[in-house]
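Here's the structure, in structure tokens; my notes come after.
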Amino acid sequence: MNKKHNMIVESVIENSIADELEIKSGDKILSINNQTPIDIIDYSFIINDEEINLLVEHKNGELEEYEIEKDFDEDLGIVFTSAVFDGIKRCCNHCIFCFVDQQPKGLRESLYVKDDDWRLSYIQGTYVTLTNLSEEDFERIEKYHISPLFISIHTTNPDLRVKMTRNPNAKKIMEQLKRFKKIKTKIHAQIVLCPSINDGEELKRTLNDLKSVKSIIKSIAIVPVGISKYRKEEFKRVDKKIALETIKIVEDFNNSIKKQIAMVSDEFFLMAGLDVPEKKYYGDFLQIEDGVGSIRLLKDSFKKCLKKMKKQIKTPTKITIATAQSAYKLFCEFKKEINVKNLEFEVIEIKNKFFGEDINVAGLIVGQDIIDTIKDKNIQHLILPSVMLQKNGESYKEIFLDGKTLDDIRQLNKNTKIHILNNYYGFEEILQIINNL
């Protein structure tokens, strides 16, 4: 099959043009106005026309051509199985800290796929290194005014970046950023901090170099390297001293440019033994998916929700929050403040036996570790964050990283009601669960 014809329909929006045409899941779009888009970016520009000729191959193999008249900016209502139709651009790096390479065998196949596709960076907010960016790619970014992009910088030292990514193309990062500056493509930058490699003076150098392109930088996130128990080489971890030093370097950088664009992830404050900063530190929380500001959002949300919490529920009930180490202490603090008659608010820490206890974020908790932790407990209401489950567009599937499912947890106790939090950074959904009891 020609990859450029891989425009497979996942679903159609109700009452849309595609719905009226009875286009179904599994159908394949072969061409639009005699053009074959290579990704959703091409597609979105091509369909901005009042007259559309659509060639479709139905799931049964039948070809059908549609002549469509619509408003200029009216969408067809098609949701595709992938945002790229010509195949994901694979990562050509062998980064010394790559977490994909630190995974055991036997997980979902998708977890071993390393993409480095600028299109997914723009569409989904995934980080790219730009080491495989071609001249054609750059021309498309300029042509379509693509912005913003999420870029893994790590260091601006050319030789060190080559060493960290194990890719000779990595040395061009500042040249690429300066080209983006010329075409006004905004970026969100990420630095994975590896002690004794790109921290300290190297971090200062990187931040200083980024001053030359500060006009296009919307945010800079510094996150600690994640080290699983499957890593073969020795790798130094971020400790309290390095965390404190990094926080200070970032603070000095922001002061030097009189702008709050660089932030460390919440883990640095936890490791430093400090409380997370107030809301103004995080601005618009532009790197929340990188763990920058999630604790502050949750704390502020809890304070508001506490005022709206009912004082009593009718029947004695226990609610159990199962979370990772990074949020466990925080929820224990919340527990002390919750005073609802007949409500027992239980907090359980799920230790990461699978990847190693140094991995302490909820998104890397596997089903078996949850099962092993709660199997002997009597749980009425179990609350789990959706970040533990496989993402499916804007929703989630009931599958954990290790292939275990919510049904496996339900088998422990058929009377347990499981609640999935879609917003892990707010307390509103938990408030609703309590107030509905």
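Predicted model only: the values in this text are computed from it and were never measured.
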- Message: Regarding Thr155 and Asn198, do their side chains bring together a donor and an acceptor under 3.5 Å, going by distance alone?
- Response: no

- Sidechain N-carboxylate O distance under 4.0 Å for Glu202, Arg161: no

- Would you call Asp117 and Arg119 a salt bridge, taking side-chain N to carboxylate O under 4.0 Å as the test? yes

- Task: Begin with the C-alpha distance, continue with both residues' side-chain angles, and end with the deciding distance and a verdict on side-chain contact (heavy atoms from CB on, under 4.5 Å) for Ile32 and Asn53.
- Result: CA-CA 6 Å; Ile32 305 168; Asn53 179 284; over 6 Å; no

- Item | Any side-chain donor near an acceptor of the partner, Ser31 and Asn34, under 3.5 Å | no

- Verify whether one side chain among Glu267 and Ser326 offers a donor that lies under 3.5 Å from an acceptor in the other. no

- Item | pair Phe80-Asn6: side-chain heavy atoms closer than 4.5 Å | no

- Task: Verify side-chain contact (heavy atoms from CB on, under 4.5 Å) between Tyr43 and Ile78, making sure each step is shown before the conclusion.
- Result: CA-CA 11 Å; Tyr43 171 82; Ile78 300 174; 4.0 Å; yes

- Item | His58 side chain to Glu64 side chain, donor-acceptor N/O pair below 3.5 angstrom | yes

- Message: Does either side chain, that of Gln411 or that of Asp407, offer a donor lying less than 3.5 Å from an acceptor on the other one?
- Response: no

- Scan side-chain atoms only and decide if Ser256 and Lys211 contain a donor-acceptor pair under the 3.5 Å cut-off. yes

- Message: Could you tell me if Asn415 and Gln380 have a donor-acceptor pair between their side chains, going purely by distance under 3.5 Å?
- Response: no

- Query: Can a donor-acceptor pair be found between the side chains of Tyr144 and Asp42 at a distance below 3.5 Å?
  - Reply: yes

- Task: May I ask you to check whether Thr185 and Tyr122 show a side-chain donor-acceptor distance below 3.5 Å?
- Result: no

- Message: Can you see whether Gln190 engages Asp290 through a side-chain donor-acceptor pair at a distance of less than 3.5 angstrom?
- Response: yes

- Evaluate the criterion side-chain contact (heavy atoms from CB on, under 4.5 Å) for residue pair Leu177 and Leu210; output intermediate values, then yes/no. CA-CA 9 Å; Leu177 293 180; Leu210 292 178; 3.8 Å; yes

- Query: Would you call Asp284 and Lys218 a salt bridge, using N to O less than 4.0 angstrom?
  - Reply: no

- Message: Does either side chain, that of Asn93 or that of Asn167, offer a donor lying less than 3.5 Å from an acceptor on the other one?
- Response: yes

- Item | Check ion pair Arg296-Asp300 (N to O, under 4.0 angstrom) | yes

